[in-house]
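Report on the structure given below.
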Amino acid sequence: MSNKLQALKAEMPAANPIIIDDEKCIACNKCVEICQVDLFIPGPEKGTSPMVLYPGECWYCGNCVVVCPVEGAITLRHPLMNQARWVAKSDLLKDIKNK
Amino acid sequence: MNENSWPYPLEYDKEETISCEVLVLGGGIAGCMAAISAAREGKNVVLVEKGATKMSGAGGSGCDHWESAATNPCSKVTPEELTQSMLDDNDGYNNGISHYIECREGWDRMLDIEKMGGKIRDTEDEFTGADFRDDNSKLMFAYDYENCFTLRIWGSTFKPAMYKELKRLGVKIYDRIMVTSLLTTKNGDDIHCIGATGMHTRTGKFFVFKSKSSIMCMSRPARIWLFSAELPGLAEFRPTQCIGDGHAMGWRAGAEFTMMEKSVGAEFSAAGRSYPPYGAGNNHNTWYAASMIDATGKEIPYADRDGNILKTVSDRFKPAKGQKYFMKGGNIDDANYEIDGPETLSLDKFAEGTYKIPLYADLSTLPEAERKVIWGMMIGEEGKTKVPIYQNYTRAGFDPEKHVLQCYGTGWRSGQFLPQERQLFGLPGGFMNDWQLQSNLKGLFVAGDALYASNCYGHAAATGYYAGRHAAKHADNAELKEPSIEQIENEKKRIYAPLKNNPAKSIGWKELNMGIAKTMQNYCGDVKHDELLDIGLTVLKEYEEDILSQTFAYNPHELTRLLEVFDILTNAQIILHASKARKNNSKSLCFTKAGSTDEKASEKKLIILKNEEGKIKQRELPVDFFGNLQENYEKHNTDYLKTNSHVE
């Protein structure tokens, strides 16, 4: 897609829940067929990766990753605001000792 | 998107008619078990599902524990005791029939599912010798380790196993079809359900299903108050497509509903305030009984119901002195004293500054088996946690032996909500049922989330199976009826109308859902005012009469989403009517009405509503209308008891 075409079309969604690695995807469409929300559509031609048509509707169940036969072909990613924070417990204890 | 690039054929003008003896509407846990049960009775069964049955429904991606399996060989509690506790805990506002079925038959269903290929035991001996494991049966328990009625399960194996069993039994599965209405016929004062209509969510094709018996197995309503146009899939706890279509079509057909005035302050909405369920620090449910520490690493003590501080981790799984059993770990939903389990000291108890926020869930100091069973088995098997929580956190470096996970709210909540943000959770309202799990519509049986006061996986599976066999029996004495052409044509007109509008001038499903949600926040918040409820009804009536005709959908997928919001509109109206009907405040129904003076009106009464050709009809029944649970159950299930009595 030329840059000018992209400039007209693009609106980044509020989240990109499903990231498909086109290099790894074998276009089996198992994710398309298992998705309960039906947010994918098959690729435009045989052998091309599915497209995520309705990313906002994702429930983040992970079924697409579970049924995917190729490790790493699909990654599920929570929106930034939903990425919970964890810390090393030893750091909590260290902070206290230093005070 | 133009028509040329839609990857599926567009078949709005095509129609297919399918006949069967038993029709199952919704293919989640309840629907699968209902279909299996009816097929085992020798019936010709059709199951219709909006998603893909193999992993659909609220429990489609997994489940980590099965509650109230009171007849499992290790249980020290009877179904009668357990159901009574559930009733008492809610001042009677609970479904005695369906929960007795859950307690009485839940274990039977687990054995069934095990035979189908689901994993209910620690067959690999991963947890040999753990406090929560019975080494003879290899069953593993949660919460109360002395009374053993809630089991830890490998729930991600269940739905695929049920799917295989459906195929083996020859159930005809119609995936990707949204059921849009119930087909009915009148016989005197009785309304009979004789089938349903549906629309294919990819092609738009119309379906007519004719049946002798039907079983409603759809979800509870959702997205009534909570909505996000950007992230609608995260607006609620239940899956995006589970918004309570069944309630709406039932209401339109004249089915009776009860407890629809009940809603709770929002607890889960990861589109805005909260975090992914089970993905942030807490010590409830899946995470029971994680240690909780403050920002300095100091542990918050657990106490029993009497406030006695518990000294060891294993004490967190024992009833208090003099207590027979406790229901759940942690005081979820304000459990009453009788069944109140161990819980960390509440925040107000250390407001004086002894502890520093934020709090963290800490698995590192738990015995190894407890840590592994929470972070691993439970987080791996709970619905939608295997990939996004367990796998992704592990990949990002989370190590439960070293790291502690931050809390963003209190209890099991992971966020703070506004008072007008509400949701149907904690035994919400639904279809009224009798001892056959039949609704007032003859031939329409109800199971799982569609029932009033429904809750968990075991309830869905047990009531599904039960409704399946009673629906099969009903089919023995029923005939296939020809649906009225007028009903079918009206339904087609209703569902396809939005396709004809001009997108540049029309309203889409998200705008409509936002409008409904804001209306409900404005007029049906935490405190109900009769005057505001009336305005809410007026606004929604205007939506119904003026706005629905202005909506548009680009393709069958969007049309499905739009028809769901039409159903959300109906469900919001039921809630407003039910909120008007109740005059007294009720803690158990989480219901407060401004200026409520008659506290005794409808106390301990179920208010039951139905829509009779546009008029709201109301009746009341005592909350314990079902009578003696054991006697009535046994009276209505003689055949089942003959073939399924357990030798313990």
Interatomic distance, [X] atom [atom1] to [Y] atom [atom2] [nearest 0.5 angstrom]:
{"X": "B/W154", "Y": "B/D64", "atom1": "CH2", "atom2": "CG", "result": "11.0 Å"}
{"X": "B/M199", "Y": "B/M178", "atom1": "CE", "atom2": "CE", "result": "7.0 Å"}
{"X": "A/N16", "Y": "A/L76", "atom1": "CG", "atom2": "CG", "result": "11.5 Å"}
{"X": "B/W375", "Y": "B/D399", "atom1": "CH2", "atom2": "CG", "result": "10.0 Å"}

Highest number of heavy-atom pairs under 4.5 Å with chain A: which of [options]?
{"options": "B/A280, B/S364, B/A396, B/P276", "result": "B/P276"}
{"options": "B/G51, B/G60, B/G57, B/G233", "result": "B/G233"}
{"options": "B/K50, B/E558, B/R561, B/K54", "result": "B/R561"}

Is [X] close to chain A through its backbone or its side chain, or both, or neither, when contacts mean heavy atoms under 4.5 Å?
{"X": "B/E236", "value": "backbone"}
{"X": "B/S228", "value": "neither"}
{"X": "B/R202", "value": "side chain"}
{"X": "B/K402", "value": "backbone"}
{"X": "B/A271", "value": "backbone"}
{"X": "B/Y275", "value": "both"}
{"X": "B/Y408", "value": "side chain"}
{"X": "B/F237", "value": "backbone"}
{"X": "B/S56", "value": "both"}

Decide whether a cation-pi geometry holds between B/K298 and B/Y355; the criteria are a distance under 6.0 Å from NZ or CZ to the six-membered ring centre and an angle within 45° of the ring axis.
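Checked: cation-pi criterion met.
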Which of these passes side chain to side chain contact (heavy atoms under 4.5 Å, CB included) with A/V52: A/I41, A/I18, A/I74?
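Option passing the side chain to side chain contact (heavy atoms under 4.5 Å, CB included) with A/V52: A/I18.
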Examine the side chains of B/S156 and B/K119 and answer whether a donor and an acceptor come within less than 3.5 Å of each other.
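Per modelled atom types, B/S156 and B/K119 side chains form no pair under 3.5 Å.
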Under 3.5 Å, is there a donor on one side chain and an acceptor on the other for B/D175 and B/T53?
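A pair is found: one side chain offers a donor N or O, the other an acceptor, under 3.5 Å apart.
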Which atoms of A/P79 come close to chain B, meaning under 4.5 Å heavy atom to heavy atom: side chain ones, backbone ones, both, or neither?
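Contact with chain B involves the side chain of A/P79 alone.
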Which region of A/E33, side chain (C-beta onward) or backbone (N, CA, C, O), has a non-hydrogen atom less than 4.5 Å from a non-hydrogen atom of chain B, or is it both or neither?
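A/E33 touches chain B through backbone and side-chain heavy atoms alike.
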Hey, mind stepping through B/F158 and B/C63 against side chain to side chain contact (heavy atoms under 4.5 Å, CB included) and telling me if it holds?
CA-CA 8 Å; B/F158 282 19; B/C63 179; 5.9 Å; no
Hey, is the main chain of B/L359 close enough, under 3.5 Å, to the side chain of B/Q406 for a donor-acceptor pair?
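No, the answer is negative, given that no donor and acceptor are paired below the 3.5 Å cut-off.
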Considering only heavy atoms and a distance below 4.5 Å, find which of A/P44, A/G62, A/C61, A/A14 pairs most often with chain B.
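It is A/C61.
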